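One structure below.
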Amino acid sequence: MAQSVKGMRDLFGAELRWFQHIEETARRCFERHGYREIRTPILEELEVFKRSVGDSSDIVKKEMYDFEDKGGRHVVMRPENTAGVVRAAIQHKLLTSSDPVLFYYIGPQFRYERMQTGRYRQFWQIGAESFGVASPESDAESLVMLYDFLRELGLAKLTFSLNSVGTPESRPAFQAAFRAFFAARQERFCGDCHRRIEENPLRVLDCKVPTCQAALEGHPLISDFLDEGSLRHHARLKELLSELGVPFTEDPRLVRGLDYYTKTAFEVLSGDIGAQSAILGGGRYDLLVKHLGGPDVPAFGWAIGLDRLAMVLQQVRGEAPQTPPALLIPLGERAATEALKLARDLWKAGVALQLETRGGALKKALASANRLGIQTVLILGDGELDAGTVTVKHMATGEQESWPLSEVSKRLGGLSLD
RNA sequence: GCGGCUGUAGCUCAGUUGGUUAGAGUACUGGAUUGUGAUUCCAGAUGUCGUGGGUUCGAGCCCCAUCAGCCGCCCCA
């Protein structure tokens with residue numbers, strides 16, 4: 001039997017309902033902040049990611065689906081979406097005015113990784129990118145949008161981990177100090193950390209090995225090396241978040257895996273989904289646009305893992321909210337014709353209605369309604385047709401009543417049928 | 001990429017030291033009279049025991065390979 005490719009999965013049923021609910025909520029929340037959707041291609045040129053995500057990162061070094069297309073182009077299935085959005089914004093000259101440009105995206109991303117719960121080779125991200133504003137107010141606006149979005153989904157207890165990773169000007173001094181600190185006690189660090197100190201020193205800070213965390217005791221703090229601008233930015237952002245009631249904890253060891261971040265970096269972890277605990281992350285990336293060949297435009301953005309978010313929501317909230325349609329059951333051939341006509345009128349009026357077309361026994365249809373979780377059943381037989389009514393059965397209570405045909409639409413929440 | 005575990009009906013699992021036609025619960029199908037469900041009762045159907053090789057008189061059980069999934073690391077969403 002044919003099976004889906006490793007790491008690729010089919011989405012349907014209860015899980016897909018969460019995906020849909022999250023996506024609908026996201027669009028509503030982001031659109032009202034003035035963000036607009038952007039959809040970029042899944043395939044990008046390799047260079048886009050090498051220059052943005054960073055060619056020392058694992059994502060670029062070993063996790064990309066990359067291949068040569070029939071025209072000899074070296075293409076990559078996007079491992080994340082920020083680089084593509086930036087590329088598109090530059091290509092279409094969207095960043096030439098002084099107005100901010102606000103985008104959100106929803107789409108699949110691809111990384112060739114070892115499978116695990118919450119980690120798939122095709123996974124979905126929702127993200128928002130804000131271009132053109134360097135102020136901490138811009139960070140706060142984006143973060144409060146994200147926070148309110150998560151609140152609207154019903155996640156109450158999440159807290160942002162917040163840090164500032166400074167600027168390329170302030171970073172060398174810290175890195176030198178940190179390397180010296182590391183060198184002085186390098187025998188206490190694990191093999192992975194020795195690799196990290198060379199490739200991405202900041203990553204040593206969030207090593208999970210307890211002995212490494214112990215060895216980090218008293219390490220130089222990024223905040224002690226921050227330039228004046230980054231410090232003021234960070235202080236102001238914290239002030240704003242406090243004013244807005246957005247909960248956060250400062251985490252001086254928080255760093256981001258992607259190379260393009262400056263100043264603000266943040267993430268949210270969840271304890272509900274095993275080792276793959278990161279559900280979202282982001283921060284400021286003031287240099288990326290210019291680095292990719294665009295104008296010198298600051299930016300702030302983040303991405304949420306939809307697969308993991310859906311998993312967390314399913315765990316803390318159970319089933320995704322949904323209103324099942326009503327079910328119309330005709331009895332007999334004459335009723336079948338009339339039911340089809342009635343259903344069509346109701347559909348036109350915007351009523352959610354499922355039509356029983358199998359024509360079997362009523363008890364079968366009711367059992368089926370029960371399985372589908374349908375609350376309201378309309379029964380249309382010869383008696384009802386002659387009386388110009390429909391029998392309405394409320395599945396939860398078993399109570400039945402009779403409605404005139406002309407009132408069905410209105411009483412099911414649709415438009416009037418006149 | 002590294003280390004460990006698992007794979008038996010749609011789902012959750014049992015299957016005794018290898019021994020005849022592989023089981024349960026649940027779900028499913030039909031029935032308990034004509035137009036009333038989810039409870040109850042009766043009946044029924046269901047599997048290449050992940051796949052391919054091997055050992056054996058005999059393999060769901062042992063060995064090897066392979067595929068898929070799970071757990072931890074790495075990485076990250």
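Chain A is the first sequence line, chain B the second, and so forth, proteins listed ahead of strands; every chain is numbered from 1. Only a predicted model underlies this, so the values are computations on that prediction, with no experimental measurement involved.
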Would you kindly check whether a donor in the side chain of R119(A) faces an acceptor in the base of C74(B), or vice versa, at under 3.5 angstrom? yes

Using heavy atoms to find the nearest nucleotide of RNA chain B for M115(A) and I379(A) separately, return the residue whose nucleotide is more 5′. I379(A)

Can you list everything that forms a salt bridge (Lys or Arg N to Asp or Glu O under 4.0 Å) with E356(A)? Sequence neighbours excluded, please. R358(A)

To the nearest Å, how far apart are R371(A) CZ and A38(B) C1'? 10 Å

Given atom CD of Q116(A) and atom C1' of C71(B), what is their separation to the nearest angstrom? 7 Å

With distance as the sole criterion, do the side chain of Q400(A) and the base of G35(B) form a donor-acceptor contact below 3.5 Å? no

By nearest-heavy-atom nucleotide on RNA chain B, the more 5' of A396(A) and T391(A) is T391(A)

For RNA chain B, the residues among residues 21-31 of chain A that have a non-hydrogen atom under 4.0 Å from it: none

Using atom CG of L150(A) as one end and atom P of A77(B) as the other, report the distance to the nearest whole Å. 15 Å

Out of U36(B), G31(B), C75(B), which nucleotide sits closest to the side chain of K364(A)? G31(B)

R111(A) CZ to G1(B) P, in whole Å, measures 17 Å

Rounding to a whole Å, what distance do you find between E63(A):CD and A77(B):P? 10 Å

Can R9(A) be said to sit on top of Y120(A)'s aromatic six-ring, NZ or CZ under 6.0 Å from centre and within 45° of the ring axis? yes

Could you tell me whether R119(A) and E113(A) have a side-chain N and a carboxylate O separated by less than 4.0 Å? yes

So what's U36(B) paired with, Watson-Crick or G-U wobble, going by both distances under 3.5 Å? none

Roughly how many Å is it from NZ in K363(A) to P in G30(B), rounded to a whole number? 10 Å

What about R308(A): does its side chain form a donor-acceptor pair under 3.5 Å with the base of C76(B)? yes

Could you state the atom-to-atom distance from NE2 of H194(A) to C1' of C73(B) in whole Å? 18 Å

Could you check which nucleotide pairs with C2(B) in any of the strands shown, counting Watson-Crick or G-U wobble with both distances under 3.5 Å? G72(B)

E399(A) CD to U36(B) C1', straight-line distance once rounded to whole Å: 15 Å

